[in-house]
Amino acid sequence: MNDAHSLRPSDIDLHQAVREAVAAALVAWSGRSADELGLGAHPELLAPGRPPRPEMGDLGISCFGLAKPLRRAPAEIAGELVGPVETEFARRAAAGTLPGLERAAAIGPYLNLSFRAGELAEWVTSRVACGSPPYGAPLPPTGRRILVEYSAPNTNKPLHLGHVRNNILGSSLCAILAAAGEEVIPVNLVNDRGVHIAKSMVAYRIWGQGATPESAGRKGDHFVGDFYVRFGRELKAQADALARERGLDPESLDEETRRAIEERTALMAETRRCLLSWEEGDAETIALWRRMNDWVYAGFDETYARLGCAFRKWYFESETYRLGKALVEEGLAGGLFRRDPDGSIWAPFEEGDRDGLKDKLLLRSDGTSVYITQDLGTTALKFDDFAMDRAIFVVASEQAHHFRLLFRLLERLGFPWARRCHHLAYGLVELPHGMGKLKSREGRAVDADDLLDELAALARRKAVDGGFATSAGVDLDALADAIGQGALKMYLLQVGAEKNIVFDPDATIEFEGDTGPAVQYSHARICSILRKALAEGRVALDELQTFPPPEPFAGLGTGSPVSASAGGPPPARAAAASASGGTDGAAGPAEAIRSAAGLRPGRAEARLLSDPHEKALCLELARFPGVTAAAAAQLNPAPLATYLLDLTKGYARFYHHCPVLRAESEERLRARLHLCLAVAATLRRGLGLLGIEAPDAM
RNA sequence: GCGCCUGUAGCUCAGUGGAUAGAGCGGCGGAUUUCUAAUCCGCGGGUCGCUGGUUCGAUUCCAGCCAGGCGCGCCA
């Protein structure tokens with residue numbers, strides 16, 4: 001607890017430490033308080049940036065913002081600040097809280113700082129491994145609790161590409177927030193009732209002939225999805241026939257007419273009967289519904305485990321769809337809503353509402369609820385369950401309007417937490433060439449499992465063709481899946497959530513350049529170097545500093561309600577991370593690489609790191625705490641994804657210019673090993689926050 | 001008609017109220033037969049959609065316009 005309070009970001013974050021030091025120097029020099037200078041209100045005023053050319057300095061501070069409070073020209077301020085900054089940095093370097101300065105210089109209105117390379121390397125690498133906390137490990141608890149709802153599948157069909165983006169975004173966000181010290185509660189809200197489920201059930205009754213996923217040898221969610229697709233096909237046939245009976249051309253019906261005709265088919269009549277008997281609690285119908293949903297959950301379980309998604313709690317629409325009615329009645333009684341002559345209840349919005357909202361139906365004339373009614377109730381239920389400080393809904397941007405309405409209505413109903421709700425919208429995943437968006441109803445969706453399989457197969461082929469992963473004991477299947485997912489996740493997370501993505505299933509995903517596998521590859525090569533160093537006795541195992549390994553955020557939960565209630569064995573692929581590369585036993589060097597990420601802190605060898613590539617790499621490492629903090633603050637994994645690609649490029653340059661095992665001296669070898677380990681640890685932890693595995697060998 | 005999102009290199013995308021706007025892919029030319037070449041180095045490539053405003057300074061903020069996407073009272 002005390003540690004949590006005494007820890008400041010500047011203890012591990014170089015940029016923060018620099019900002020604080022410059023602020024102190026500025027206060028001392030100007031004789032004004034930080035508040036007078038506007039630093040309290042705008043701490044980013046002194047945020048260090050990167051000068052355009054490396055020879056100008058490692059970090060630069062723009063003095064434009066100081067011109068006004070100091071009533072001096074920016075270039076003058078920069079010039080006069082050089083001395084005080086040097087003094088302050090010298091003091092802090094002596095205390096070990098900052099690396100020493102090699103040079104401080106004003107270039108125009110910029111105050112540019114260069115560190116002594118060795119001290120920078122020592123400062124950064126020791127904090128990566130042994131900072132409190134080390135890079136990527138969870139920061140001390142903020143005391144805040146954040147609920148993140150994501151995935152939200154339907155139980156009539158398997159997950160598709162749209163869910164993949166949602167799941168990857170949602171699970172990564174959970175990991176990033178947890179690393180920032182937030183208590184994260186990942187939840188799933190399953191749409192397990194309604195017409196679409198009834199359609200699958202009707203189709204199964206007619207054509208299923210008592211088959212099961214086991215008897216059919218089909219994954220449960222696909223098994224059920226097949227019946228949903230079959231229903232759609234048969235429905236179209238029946239509707240076409242009906243249309244022809246009436247002398248209409250089935251191919252040229254407008255949507256409204258088609259729907260009207262579909263409603264008159266025998267299949268839809270059966271579907272309505274099914275829905276009704278479900279609502280009445282008919283035992284046979286409920287039993288079938290349970291059975292089919294359990295099949296689906298078993299299938300989801302596998303896919304979630306494979307993707308690394310887990311939930312602390314599952315909400316089911318079958319249990320929550322009646323909620324919200326009472327809130328609407330309450331609002332009506334309180335005069336917030338109005339009842340129309342037909343009995344329907346509405347939330348009125350003024351003409352010219354600030355969000356452009358129009359009157360919204362809350363209860364139909366027959367008293368049944370609509371989508372938003374149940375969401376009102378479900379959201380209230382979530383706050384009752386967890387009393388969280390924030391609720392984040394990871395849902396496609398198509399529903400932005402729905403969530404604006406939802407939050408406004410909750411606010412109107414007087415819930416103080418309504419303002420703490422946030423819709424994290426993400427763009428569509430579109431197919432190229434006007435193939436349209438990925439809706440399963442159109443039967444053209446890219447299936448999630450197929451996609452993962454295809455990527456794994458592609459990665460496997462590349463590994464085999466390229467002569468990779470040849471060492472004995474490598475689980476090629478697990479490795480290929482880790483790489484395929486690495487490619488997919490980095491591809492999706494690199495792009496801002498708000499943007500639509502064009503996804504070409506044929507082109508799939510690249511493995512070279514700015515890609516996940518490139519990052520994984522760098523990590524694997526570092527592991528390889530360390531393995532060799534250990535094997536050759538260049539460095540001893542007891543020189544490794546161990547601390548709890550940086551596991552990806554596990555979500556504190558279970559894969560699915562099925563395994564939750566059954567308390568079953570962990571999903572088959574849950575151990576993929578540890579199966580994906582190590583060639584040694586648990587106590588061997590590979591295990592040390594996994595669990596240990598750095599040499600002991602403060603080793604003098606780090607001071608030998610003076611090559612420009614080494615320095616550049618250290619500067620890149622130093623950005624990590626700030627980047628993860630920004631990702632958490634913005635609820636956006638993208639900055640972290642691009643950072644890891646940058647770090648990878650920095651490492652690759654170092655790798656090609658600075659031999660490690662063939663360094664000119666043993667001291668230098670150790671120093672470079674130290675740096676490599678710091679990079680590997682940072683890559684590993686960063687990848688973990690994106691839900692990407694870091695195999696030890698590729 | 002209204003609301004929200006997007007518009008940056010041939011393509012896919014980063015980025016920022018400030019220094020000469022970056023990366024990957026694609027193209028071209030290179031790298032002591034490697035600590036794993038899924039790598040590295042070099043070259044070429046830009047009216048940051050258009051117009052105006054705020055500012056010492058705008059690709060970034062504001063307004064209008066253009067183009068594309070998504071949505072807008074009984075689907076979820």
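Proteins get letters first, then strands, A, B, ... in listed order; numbering begins at 1 in each.
Note on A:C63: nothing from the nucleic acid sits closer than 4.0 angstrom, heavy atoms only. Across all strands shown, A:P74 has no heavy atoms under 4.0 Å from either base or sugar-phosphate atoms. Looking at heavy-atom distances under 4.0 Å, A:L645 makes no contact with the nucleic acid at all. Within 4.0 Å (heavy atoms only), A:T642 reaches sugar-phosphate atoms of the nucleic acid but no base atom. Among the protein residues, A:R653 comes within range of the sugar-phosphate backbone only, with heavy atoms under 4.0 Å from sugar or phosphate atoms but none that close to a base. A:D342 comes within contact range of at least one nucleobase, with a heavy-atom separation under 4.0 Å. In this structure, A:K358 reaches the bases: a heavy-atom distance under 4.0 Å links it to at least one base atom across the strands shown. Residue contacts for A:E317: at a heavy-atom cut-off of 4.0 Å it reaches the sugar-phosphate backbone alone, with no base atom in range. Residue A:G427 is classed as having no contact, given no heavy-atom separation below 4.0 Å to the nucleic acid. As judged by a 4.0 angstrom heavy-atom cut-off over every strand, A:A524 is placed among the base-contacting residues.
With respect to A:E620 and A:K649, no salt bridge is recorded, no charged nitrogen being found less than 4.0 Å from a carboxylate O. Using a 4.0 Å cut-off between a side-chain N of Lys or Arg and a carboxylate O of Asp or Glu, A:R684 and A:D696 qualify as a salt bridge. A salt bridge does not link A:E279 with A:R322: every distance from a Lys NZ or Arg NE/NH1/NH2 to an Asp or Glu carboxylate oxygen is 4.0 Å or more. Using a 4.0 Å cut-off between a side-chain N of Lys or Arg and a carboxylate O of Asp or Glu, A:R258 and A:E262 qualify as a salt bridge. In summary, A:K358 and A:D353 do not engage in a salt bridge, as defined by a charged side-chain N under 4.0 Å from a carboxylate O.
Of the C1' atoms belonging to B:A23 and B:A9, the separation is 11 Å, rounded to the nearest Å. The same atom, C1', is picked in B:G52 and in B:C66; the two are 15 Å apart, to the nearest Å. Nucleotides B:C43 and B:A21 have their P atoms positioned 16 Å apart, rounded to a whole Å. Going from the C1' atom of B:G26 to that of B:C5 covers 29 Å, rounded to whole Å. Distance check on atom P: B:G45 versus B:U39 gives 25 Å, rounded to whole Å. Rounded to the nearest Å, the gap between the C1' atom of B:G15 and that of B:A58 is 15 Å. Taking atom C1' in both B:U8 and B:A67, one finds a spacing of 15 Å when rounded to whole Å. Taking atom C1' on both nucleotides, B:G27 is separated from B:G44 by 9 Å, rounded to a whole Å.
Cation-pi geometry between A:R412 and A:F349 is met: the NZ or CZ atom falls under 6.0 Å from the ring centre, inside 45° of the normal. Annotation: cation-pi geometry satisfied between A:R525 and A:Y655 (NZ/CZ under 6.0 angstrom from ring centroid, within 45° of ring axis).
Spacing between atom CG of A:L409 and atom P of B:G73 amounts to 14 Å, rounded to whole angstrom units. Between the CG atom of A:D514 and the P atom of B:G26 there is a distance of 12 Å, rounded to whole Å. One atom, CZ of A:R623, and another, P of B:G15, lie 11 Å apart when rounded to the nearest Å.
If you check B:A76, B:G69, B:A19 against the side chain of A:Q399, the one that comes closest is B:A76. You'll find that the side chain of A:E398 is closest to B:G71, out of B:A23, B:G73, B:G71. Nearest to the side-chain atoms of A:E512 among the listed nucleotides B:C74, B:C70, B:U39 stands B:U39. For A:V370, taking side-chain heavy atoms from C-beta onward, the closest of the listed nucleotides B:U39, B:C72, B:C74 is B:C74.
Toward the 5' end of RNA chain B, the nearer of the two residues A:N191 and A:F64, judged by each one's closest nucleotide, is A:F64. Two residues, A:G60 and A:A463, neighbour RNA chain B, and the one matched to the more 5' nucleotide by heavy-atom proximity is A:G60.
Contact detail for A:A497 and A:L169: the closest heavy-atom pair is CB-CD2, 4.0 Å. When every heavy atom of A:L458 is checked against every heavy atom of A:I509, the shortest pair comes out as CD2-O, 4.1 Å.
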Could you list, one pair per line, each protein nitrogen or oxygen that sits under 3.5 Å from a nitrogen or oxygen of nucleotides 3-12 of chain B, together with the distance?
from : atom 1 : to     : atom 2 : distance (Å)
B:C5 : O2'    : A:E498 : O      : 3.3
B:G7 : OP1    : A:K499 : NZ     : 3.2

Walk me through it: do A:Y150 and A:Y426 pass the test ring-ring contact (aromatic ring centres under 6.0 Å, His included)? CA-CA 12 Å; A:Y150 73 97; A:Y426 58 88; over 10 Å; no
Query raised in the report: Does the side chain to side chain donor-acceptor pair (under 3.5 Å) test come out yes or no for A:S318 and A:D192, once each step is laid out?
Result: CA-CA 6 Å; A:S318 59; A:D192 63 339; 2.6 Å; yes
| said: Could you go through A:L113 and A:R103, starting from their C-alpha distance and side-chain angles, then the distance that decides it, and tell me whether this counts as side chain to side chain contact (heavy atoms under 4.5 Å, CB included)? | reply: CA-CA 6 Å; A:L113 307 173; A:R103 183 170 50 95; over 6 Å; no
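Within the structure, a side-chain polar atom (N or O) of A:S528 is placed less than 4.0 Å from OP1 or OP2 of B:U36. Contact annotation: A:Y371 does not reach the phosphate of B:A76 (side-chain N/O to OP1 or OP2, under 4.0 Å). Taking only side-chain nitrogens and oxygens, A:K68 never comes nearer than 4.0 Å to OP1 or OP2 of B:C56.
The stretch residues 103-112 of chain A touches RNA chain B through A:Y110, A:N112, each having a heavy atom within less than 4.0 Å of the strand.
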Symbol by symbol from the 5' end, with Watson-Crick or G-U pairs under 3.5 Å, [ ] crossing and | another strand, RNA chain B is (((((((..((((....[...)))).(((((.......))))).....(((((..]....))))))))))))....
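Aromatic rings of A:Y371 and A:Y321 (six-membered ring for Trp) have centroids beyond the 6.0 Å cut-off, not under it. Centroid-to-centroid, the aromatic rings of A:F654 and A:H613 stay 6.0 Å apart or farther.
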